[in-house]
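What follows is a set of notes on a single structure, which appears directly below.
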Amino acid sequence: MLTREELKEIAKMRGEGAYFVSFYLNVNPMTNVKDNYVIHVKNMVKETAEKTDKAVLKKIGGDLEKIESYILSNKRVLKKGLALLSSQGKKFWKEIHLSVPVKNEIVVDTAPYIKPLLDILDNYQRYAVLLVGKESARLFMIHMGEIEEYTEVHSEDVPGKHKKGGWYALSEKSYERHTDYHVGLHLKDVVRELDSFLSGEYVGRLIIGGTEEAVSKVRNMLPQAVADKIIDTFQAEMFANSKEILEKVEPILKAFGKKEENNTIDSLLTKSMKNENAVLGIENVLNALQEGRIMKLVLLKDYRQAGLACGQCGYLTVQKIASCPYCKGKTENVQYIADFAAQKAVEQGAFVEVISDNEKFREAGGIGAFLRF
Ligand SMILES: [Zn+2]
């Protein structure tokens with residue numbers, strides 16, 4: 001999974017005589033009928049080789065070869081977007097599979113080029129999950145449907161039950177006080193860890209799970225800024241694995257996502273009604289796309305509309321026209337025009353938000369966009 005911490009480390013890398021090849025590829029099967037991204041890769045590599053200085057090319061020749069052969073031998077694992085960062089001179093190789101499309105790009109430089117990855121981090125909601133108990137805590141992150149465990153906080157000095165009446169030799173009451181004291185210290189550790197994790201990774205939302213008691217205790221200890229990020233809480237055992245945690249959290253995320261989707265649609269409908277930098281309907285969207293005005297494309301998950309694409313310049317339309325009004329190129333039928341629109345939007349630096357379901361939006365055509373101007 002993509003993390004800001006890891007990207008920060010990558011961003012610090014410098015060639016010191018060596019070069020980095022940063023390669024981004026749209027591998028969305030919808031817009032790449034018959035794996036035609038393979039052709040794009042060959043062309044991109046060829047173009048890069050042609051325009052790169054001979055001395056530099058000598059250093060990155062191996063990187064380009066490795067990237068090309070990676071694509072050919074890893075078709076099965078591809079999702080929608082792929083990022084490969086390579087520097088044979090620095091013995092560095094990193095592959096990142098993305099469930100969102102990216103713009104096709106190769107950048108050769110003395111440092112890795114990671115802006116597209118940072119943009120994805122900024123624009124696709126990430127959720128932190130804190131699992132907390134009296135003696136330990138675990139932190140997870142969820143991004144684009146994937147979960148990963150990050151860190152574990154284990155406070156050694158919380159006295160366990162087995163020590164009761166042992167060498168602590170404490171009365172029941174002072175034992176409890178003693179335990180409370182240590183649990184308090186442990187939870188303070190947890191809060192500190194959580195706070196630094198959230199600010200370091202810029203995670204916008206938080207879900208807390210664990211035993212009822214620990215959850216409510218830690219909740220009361222959180223700084224307001226962190227408490228404001230909580231969406232919901234749940235109960236779980238401390239030893240639950242990542243998959244079990246994800247299963248517990250999924251309904252919470254679903255409900256929250258639904259609420260956010262509805263807000264997006266309400267804002268889209270209101271703004272477009274007032275003519276405030278928003279449009280609705282496929283024709284308006286395609287026009288705005290042609291003019292490079294889209295900031296965020298919004299569409300229903302099951303939006304299905306056929307259309308035409310210009311084979312030469314990529315102009316998209318739902319009107320039945322034989323040749324492109326811009327370049328006179330021949331138009332071709334495409335089954336799902338929204339996928340082509342989404343890819344074009346991404347190439348213009350816009351974001352794409354897919355709405356799982358919304359009746360008002362469906363009635364309004366199921367596709368729309370927030371505009372830059
Ligand atoms: Zn055209």
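First listed ligand is number 1; within each ligand, the first listed atom is number 1.
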Co-members of the apolar cluster containing I321 [side chain, <4.5 Å] |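 Besides I321, the hydrophobic cluster comprises Y315, Y326, listed by chain and residue number.
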
Co-members of the apolar cluster containing L308 [side chain, <4.5 Å] |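 The other cluster members (ILVMFWY side chains, heavy atoms under 4.5 Å, direct or chained): none.
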
State plainly whether the residues D357 and K258 are in salt-bridge range, i.e. N to O under 4.0 Å.
->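 Looking at K258 together with D357, the answer is no, because their closest N to O distance does not fall below 4.0 Å.
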
Salt-bridge contact E244-R138 (side-chain N to carboxylate O under 4.0 Å) |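 The answer is no: the pair does not qualify as a salt bridge.
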
F256 and Y127 aromatic ring geometry - parallel, tilted or perpendicular at 30°/60° bounds =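 Y127 vs F256 ring planes: perpendicular.
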
Listed by chain and number, what are the salt bridge (Lys or Arg N to Asp or Glu O under 4.0 Å) partners of K243, not counting sequence neighbours?
->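 Expected list: E247.
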
Distance below 2.8 Å from the Zn ion (ligand 1): protein N/O/S atoms =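 Near the Zn ion (ligand 1), the protein supplies C310 SG, C313 SG, C324 SG, C327 SG.
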
